[in-house]
Number of protein chains: 2
Amino acid sequence: MVTARWTPIIVRNLLAGCTTFNEILDAAPGLSKTLLSERLKRLERYKIVELRAKPSGRGSTYHLSPLGFDLWPVLEAMGTWGSRWLDLEEEHLNPYLVLWDVSKLIDVKDLPDHRVVIRFDLTDLTKRNRFWLMLEPTGREVCDKHPGFDEDLIFTTATRPLALWHLGRVAIGAALRDGLIQLEGSAAMKKEFLSKWQGLSMFAHVKPELQSH
Amino acid sequence: MVTARWTPIIVRNLLAGCTTFNEILDAAPGLSKTLLSERLKRLERYKIVELRAKPSGRGSTYHLSPLGFDLWPVLEAMGTWGSRWLDLEEEHLNPYLVLWDVSKLIDVKDLPDHRVVIRFDLTDLTKRNRFWLMLEPTGREVCDKHPGFDEDLIFTTATRPLALWHLGRVAIGAALRDGLIQLEGSAAMKKEFLSKWQGLSMFAHVKPELQSH
DNA sequence: CGGGATCCTTGACGATACTG
DNA sequence: CAGTATCGTCAAGGATCCCG
């Protein structure tokens, strides 16, 4: 069960803090509602996931049990192995997923006490090429429509450099110097971003054994 | 691929030292030849397994690549999780598999310089209730027919105490005292067995969180 | 022994529609 | 929104036979 199709992804999403059905679904593109429903039900039977009634009355929220949390070492071992040995594939370039991961990995204690909006422009895409990362005292969010707030930073790059940066395979400083990434905004915001809000992948420290060209 | 049905078992068998098609198959009961063949082919494409021509000319032997060996942390994390949280199931009681694991886990350097044959009698079974563990300078083997050599030790127990002992959930001393396990043979052999040839599970040190009744 | 080729069944899954 | 129910499809894989 733990290794069945999509379950590792679902558990990762729960570990990352997803709680509702659609949050889990959004962070698992390609997964159908039918299958997610079936998996969650099965994970509940296996005591890995617990359901709680939503305050709103409609639907439930999903949470890992102690048993489920303890799957983290398994997922970490898988992630480390993948980072070390697998090439960067097309599917890892999905900017929404990269930014989703970025948003989840910014430490709560590093969140600003005011709202910050960072726009990401993907120069190699023609549609769905603009995303917004919102950092607020209460949480972090990624959306692909203008959130209606002023933008504090604008991050311009292509999908591949974005993924490589997040995976720690290019340093942000070098990428800025080489023009792979551009960052616009006030000096103060840039500094905050570079020091606190990078949200590097959990496996950014893993040294790949194979050259991904 | 790494998490596809049976692949973790296949990789575990390769890590344990299986090299031929049938060795892998024997240690994965329930796995069909068709599927093992397909999996090995796929693992080869993924550079996890390497084939080598057999000296005999017929068939090949299968070996893990560096990439494959590096899956060990993943399997270890899975095994630890399972030992900690999952109940002992019927399938884990299979005495052949338990003894297979025992044989693989006896350190080469602890192997005797002469042949030792240990017979295991399963008191709760009526057929296929007798196995032989053979320890030789050149290797270890389990069979379910009399190997034609004298027996040095006779280990009498039921399947469940056998599994519990191997998993480290009952100490051999306590099991002997309680009569769950009987051991017959010369005092010297018994001493060797108890000190060197127990071949406890790799997860025998993991403390289960749940009570398996 | 050491597998490969075929055939045929099953069940896993996606699409769609539905419900409170 | 937050899922559930139904149905059709396709591919994964088991059984069987085959071959050197």
Side-chain angles (χ1 to χ4, degrees), chain A residues 1-11 13-14 17-46 48-64 91 94 139 141-145 147, chain B residues 1-11 13-14 16-46 48-64 91 96 100 139 141-145 147:
Chain A
M1 176 56 195
V2 165
T3 62
R5 279 165 65 80
W6 289 108
T7 4
I9 302 291
I10 294 169
V11 173
N13 291 356
L14 288 164
C18 291
T19 56
T20 72
F21 191 89
N22 284 325
E23 277 174 9
I24 301 169
L25 200 56
D26 285 343
L31 173 59
S32 72
K33 294 201 296 178
T34 311
L35 190 50
L36 176 56
S37 178
E38 189 272 346
R39 285 293 190 265
L40 286 172
K41 226 171 287 174
R42 193 136 48 131
L43 286 167
E44 190 193 4
R45 282 214 317 281
Y46 278 69
I48 293 171
V49 161
E50 295 165 357
L51 268 70
R52 292 181 205 156
K54 274 192 188 174
S56 66
R58 301 210 177 295
S60 316
T61 61
Y62 301 87
H63 306 267
L64 290 172
E91 41 179 322
N94 182 327
E141 202 177 336
V142 181
C143 52
D144 57 1
K145 307 172 297 204
Chain B
M1 176 57 196
V2 164
T3 62
R5 279 165 65 81
W6 289 107
T7 6
I9 301 291
I10 295 170
V11 172
N13 291 356
L14 288 164
C18 291
T19 56
T20 72
F21 191 89
N22 284 325
E23 277 174 7
I24 301 169
L25 200 57
D26 284 343
L31 172 59
S32 72
K33 294 199 301 177
T34 311
L35 189 50
L36 176 56
S37 178
E38 190 272 347
R39 285 293 190 265
L40 286 172
K41 225 172 288 174
R42 193 134 49 132
L43 286 167
E44 191 194 3
R45 283 214 315 281
Y46 279 68
I48 292 171
V49 162
E50 295 165 357
L51 268 71
R52 293 182 205 155
K54 276 192 188 174
S56 65
R58 300 213 176 294
S60 316
T61 62
Y62 301 87
H63 306 268
L64 290 172
E91 41 179 321
Y96 175 77
W100 179 86
E141 200 176 338
V142 181
C143 52
D144 57 1
K145 306 171 299 203

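These values consider heavy atoms only, across backbone and side chains, with no hydrogens, waters or symmetry-generated copies. Lettering of chains follows the sequences in order, A, B, ..., and the numbering in each one begins at 1.
By the 4.5 Å heavy-atom criterion applied to side chains, B:R42 and B:E38 are counted as neighbours. Under the 4.5 Å side-chain criterion, counting only non-hydrogen atoms from C-beta, B:S32 is in contact with B:L35. Here the side chains of B:V49 and B:H63 are not in contact, with every heavy-atom distance at 4.5 Å or above.
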Derivation and outcome, side chain to side chain contact (heavy atoms under 4.5 Å, CB included), residues A:E23 and A:L25:
CA-CA 5 Å; A:E23 277 174 9; A:L25 200 56; over 6 Å; no
Reading nucleotides 3-20 of chain D 5' to 3', which nucleotides get B (base under 4.0 Å from a protein heavy atom), which S (sugar-phosphate only), which -?
BSB-------SBB-----
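Rounded to an integer number of Å, the gap from CG of B:L25 to C1' of C:dG4 is 14 Å. To the nearest angstrom, C1' of C:dA15 lies 16 Å from CG of A:L36.
At least one donor-acceptor pair closer than 3.5 Å links the side chain of B:T7 to the backbone N or O of B:M1.
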